[in-house]
Amino acid sequence: GEVKKNRFEPSHNFFPCDYVRYKNCIKIDEEILDVYYHGDVIRMEAPKGWAALSYEGKPIGGVKSDGKQLKNHYPKHLRKNR
């Protein structure tokens, strides 16, 4: 990760690690997985702060919640086009 504006921002490569136990982990279905891989905002309430997304028991990436939506941090060069 890196420090931006005096706070730590984890990199995408941190989240898919199977060896890490996440305090905030959000289980998602295939529909939300598709939204995530397109780089869109996910409309879902969750505790504020960073969270890992989990699909079928595997961590896939990270999002940052403002309490009402999940801001996607999937790398732009990996996103799928619609």
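Computed over heavy atoms, backbone and side chain alike; hydrogens, waters and symmetry mates excluded. None of these values were measured; they are calculated from a predicted model.
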Do [X] and [Y] touch side chain to side chain, with heavy atoms closer than 4.5 Å?
| X | Y | answer |
| --- | --- | --- |
| Ile60 | Tyr37 | yes |
| Leu70 | Tyr36 | no |
| Ile26 | Ile32 | no |

Could you give the side-chain donor-acceptor pairs of residues 41-48 under 3.5 Å, partners two or more places apart or in another chain?
{"residue": "Arg43", "atom": "NH1", "partner": "Gln69", "partner atom": "OE1", "Å": "2.3"}

The reported gap from CG in Asp40 to NZ in Lys71 (rounded to nearest 0.5 angstrom) is 14.5 Å
NZ (Lys58) and CG (Leu53) are apart, to the nearest 0.5 Å, by 16.0 Å
All heavy atoms of His38 vs all of Arg79, minimum pair found to be O-CD, 3.9 Å
Assigning hydrophobic clusters by single linkage (Ile, Leu, Val, Met, Phe, Trp, Tyr; side-chain heavy-atom cutoff under 4.5 Å), is Val3 placed with Trp50?
no
